[in-house]
Amino acid sequence: MADSVDRVFVHALNTVKKIPKTGASRPPPSDRLRLYGLYKQAMEGDVDGVMEQPTAGPFLTAEELHKERDKWDAWNAQKGLSRTEAKRRYVEALIETMYRYANTSDAIELVTELEFVWNQIKHNTPSSTDSSPKAGGSAQAPRRFQQPLSGSEGPLKILSPMSEQDEAELRSQKMMDLDDDALGESHLQKSSRWQKKVERAVTKLSAEVAALREHITTGREWRSKKDRSYPVWFGWVLWLILKHLVVDCVLLAILLIWMRRRKDRRLEDVVRTAVLIVRDYVRKVLPSR
């Protein structure tokens, strides 16, 4: 049953991707947040341990913080649901929402198709068969005796006398036919099991890809907001200044060594004087111990 729910859940996600192309009206934020919370619960489980509750920060505006908290609350509202149950509720909520806000023929066709697929599995119970005769039914008509016909046609078959060798060959042929039938049934069973495994693997892979895409999108949005913050800009400017200072010091040291070898101490005297001035200034500014 879980595999069937997974397949319909993936079908529902594909339906959501097609909705913008149909021109259907956009549901209100409350319905979108409900679907978001069920989707996150179905893909990642409880919000605890996955994402902390958003808090105010220098890189988040008040509007962005409000949106992030609404998303977190919608996810936390589904806490305790199993992933399978969350997928069931997501599909049902999506069908209900689309029926309320689908105002184009394409959107109605999409939700009708999704509902048809969902109705096939949502009440999945073992079907009862009518293989046993019903009590109180009409009695079967008595069979009429038919005369045996010669050859292989007819209800009875007249066997011609066979030798022991012919009987042995016939038994051997029957055994070979039975073995072939058994091998054919075994191959069909293996093929059916393999097909089910492949379907489960594809469904699981589709769900994981959708979750990974959601993680990547969320990470990119978070990184983009963080890169635009004031601390990041200040750190970048500070790093640029320090880098230039280090490069200038290295170049000055190389120039001093070269001029000393040429016995030219003009630049060295200038640097020494500048160092003394800076040292005296620092002694005057900093409080004495």
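A heavy-atom distance below 4.5 Å is not found between the side chains of Arg26 and Tyr101. Contact check for Asp48 versus Lys79: side-chain heavy atoms found under the 4.5 Å cut-off. A 4.5 Å side-chain heavy-atom check between Arg7 and Ile121 finds every atom pair outside the cut-off. Residues Cys249 and Val246 are not in side-chain contact: their nearest non-hydrogen atoms beyond the backbone lie 4.5 Å or more apart.
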Start with the C-alpha distance between Met98 and Glu115, add both sets of side-chain angles, then the distance that settles side-chain contact (heavy atoms from CB on, under 4.5 Å), and finish with yes or no. CA-CA 10 Å; Met98 287 185 67; Glu115 185 182 29; over 6 Å; no
Going through the checks in order, is the side-chain contact (heavy atoms from CB on, under 4.5 Å) test met by Arg88 and Trp118? CA-CA 9 Å; Arg88 292 177 59 91; Trp118 175 240; 3.8 Å; yes
Residue pair Lys40, Gln78: steps toward the side-chain contact (heavy atoms from CB on, under 4.5 Å) verdict: CA-CA 9 Å; Lys40 297 295 286 186; Gln78 310 302 331; over 6 Å; no
side-chain contact (heavy atoms from CB on, under 4.5 Å) between Val111 and Thr15: does it pass, once the steps are laid out? CA-CA 8 Å; Val111 66; Thr15 301; over 6 Å; no
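Note that CD of Glu109 is 12.5 Å distant from CG of Leu114, once rounded to the nearest 0.5 Å. Expressed to the nearest 0.5 Å, how far CD of Glu44 lies from CH2 of Trp75 amounts to 4.0 Å. Note: Leu110 CG to Asp106 CG = 7.0 Å, rounded to the nearest 0.5 Å. The CD1 atom of Ile19 lies 9.0 Å from the OG1 atom of Thr97; values are rounded to the nearest 0.5 Å. Once rounded to the nearest 0.5 Å, the distance linking CG of Leu81 with NZ of Lys87 reads 13.0 Å. Taken to the nearest 0.5 Å, the CG atom of Leu256 stands 10.5 Å off from the CG atom of Asp264.
Environment of CD in Glu268: crowded, with over 12 heavy atoms of neighbouring residues, nucleotides or ligands closer than 6.0 Å.
Both Val117 and Val5 are part of a single hydrophobic cluster, where members link through side-chain heavy atoms under 4.5 Å apart. If you chain together hydrophobic residues whose side chains sit under 4.5 Å apart, Leu240 and Val237 fall into the same group. When the side chains of ILVMFWY residues are joined at heavy-atom separations under 4.5 Å, either directly or via intervening members, Ile108 and Leu94 end up in two distinct hydrophobic clusters. Residues Ile254 and Met259 do not share a hydrophobic cluster, clusters being chains of Ile/Leu/Val/Met/Phe/Trp/Tyr side chains in contact below 4.5 Å. Cluster annotation: Trp236 is connected to Ile241 through the hydrophobic network of ILVMFWY side chains, with a link wherever side-chain heavy atoms come within less than 4.5 Å.
For the residue pair Asp46 and Gly80, the shortest heavy atom distance occurs at OD1-N, 3.0 Å. When all heavy atoms of Ala93 and Arg34 are compared, the pair lying nearest together is CB-CZ, 3.8 Å.
Aromatic ring orientation, Tyr90 versus Tyr39: tilted (interplanar angle from 30° to 60°).
A side-chain donor-acceptor contact under 3.5 Å links Trp72 to the backbone of Met51. Here the side chain of Arg83 pairs a donor or acceptor atom with the backbone of Met43 at under 3.5 angstrom.
In this structure, a donor-acceptor pair under 3.5 Å is absent between the side chains of Asp248 and His244.
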